[in-house]
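Order of the sequence lines sets the chain letters (A, B, ...), proteins ahead of strands, with each chain counted from 1.
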There are 2 protein chains.
Amino acid sequence: MTTSTLDQTVAARLEAGGIRYTSARRAVVAALSRSVGPCSAAELYDEVGGAVPLSSLYRTLNVLEEAGVLVPHFGARSVTRYELADWIAGHHHHVVCTVCGRVEDIDVPEHLEARVGEVVEALAGLVAFSPEDHTLEIEGRCSSCR
Amino acid sequence: MTTSTLDQTVAARLEAGGIRYTSARRAVVAALSRSVGPCSAAELYDEVGGAVPLSSLYRTLNVLEEAGVLVPHFGARSVTRYELADWIAGHHHHVVCTVCGRVEDIDVPEHLEARVGEVVEALAGLVAFSPEDHTLEIEGRCSSCR
DNA sequence: TTCCTTGCAAACGATTTGCATTGGA
DNA sequence: TCCAATGCAAATCGTTTGCAAGGAA
């Protein structure tokens, strides 16, 4: 998705909720769209060159999360990372490097995702659980830390 | 696994690393073995009736994690939960209730786990990643919050 | 004008650490 | 005995909030 298309998509979503799409919010969405994986507030702060102070950044993240534009990711001790929601960025899973800590997205080919879905349904059935979503994370060493 | 067997298993592991298996550490391991899902430091603090002060509890958790007895779980904003490592408690996955926030373990039947493993290998291959472990979490509503 | 958003500084909660004391092999 | 483990209090760090100022509709 190009940045301008992304911007329009997000803009539409926010307008539908009566939420302004301000420059700080645009900056965060743009920064996330550039990233290869979820970003923490601190990382985004750097990415936007300090243009948005941390407190505003956190507020921005919360607004975008409530609007369903972003999704939080709790993959490491003590920091929450955010990424664009699946309906925007597409459904995907993560690989987490146990050495450098980096989190990267994996776009899952349909035939594999179908198998994940089957397993999820089967497992949820075992514990009388109504599955709404799922996350699969693979820990290991990334190609740089091999 | 009975508590005494568990205790012996953990004791052996710690001794092998020259680490003492003190009463505080025993209390934490016992509390976790009673739990149906991962516990935060605060939850464990309550579970042991305040017998281990929080600072010591955190140190205990770190020691046991480094020894490979516990594994951290980052499933919710701002708290880290711990559980017994897979080699002790058996490999399993989690269901997270989006309503009450509870995390529960699912023991995965072998045939399903095999399928998860295949998908993990396939995905890791796509991004030149050496998989060491994986976690599958299912979000949804538990039977109580249906 | 009116309500939403922002920036700054102070507040918070989870976790860590310094230091003196205690306890187990 | 002697070093690791503990307890307490203070320090950190990520995150949130109160409040006054700035901006868009």
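The separation between B:Y21 atom OH and D:dT6 atom P is 12 Å, rounded to whole Å. B:L57 has its CG atom 10 Å from the P atom of C:dT15, to the nearest Å. The distance from atom CZ of A:R25 to atom P of C:dC4 is 11 Å, rounded to the nearest whole Å. If you measure from atom CG of A:N62 to atom C1' of C:dT5, you get 14 Å, rounded to the nearest angstrom. One interatomic measurement links the two molecules: OH of A:Y45 to C1' of D:dT15, which rounds to 15 Å at whole-angstrom precision. In this structure, A:F74 places its CZ atom 15 Å from P of C:dA14, rounding to the nearest Å. Between the OH atom of A:Y58 and the C1' atom of C:dA11 there is a distance of 15 Å, rounded to whole Å. Spacing between atom CD of B:E15 and atom P of C:dA25 amounts to 9 Å, rounded to whole angstrom units.
No single ILVMFWY cluster, assembled from side-chain heavy atoms under 4.5 Å apart, contains both B:V71 and B:I106.
Across all non-hydrogen atoms, the minimal contact from B:R13 to B:G68 is NH2-CA, 3.9 Å. The minimum heavy-atom distance between B:R25 and B:R20, with the atom names listed, is NH1-O, 2.8 Å. Nearest heavy atom pair, residue A:F74 against residue A:T80, reads CE2-CG2, 3.6 Å.
Map B:T22 and A:S56 each onto its nearest nucleotide of DNA chain C; the residue landing nearer the 5' end is A:S56.
Residue contacts for B:A24: at a heavy-atom cut-off of 4.0 Å it reaches the sugar-phosphate backbone alone, with no base atom in range.
Side-chain proximity of A:V52 to the nucleotides C:dG7, D:dT15, D:dT6 is greatest for C:dG7. Taking the side chain of A:T80 as heavy atoms from C-beta on, and the options D:dT15, C:dC8, D:dG23, the nearest nucleotide is D:dT15. Looking at the side chain of B:R59, the nearest of the listed nucleotides C:dT16, C:dT17, C:dT5 is C:dT17. The listed nucleotides are C:dG7, D:dC8, D:dT15; the one nearest the side chain of A:S55 is C:dG7.
For A:R81 against D:dG14, no side-chain N or O and base N or O form a donor-acceptor pair under 3.5 Å.
The side chain of B:R20 places no N or O atom within less than 4.0 Å of a non-bridging phosphate oxygen (OP1 or OP2) of D:dC3.
Between the A:S33 side chain and the A:A30 main chain, a donor and an acceptor come within less than 3.5 Å of each other.
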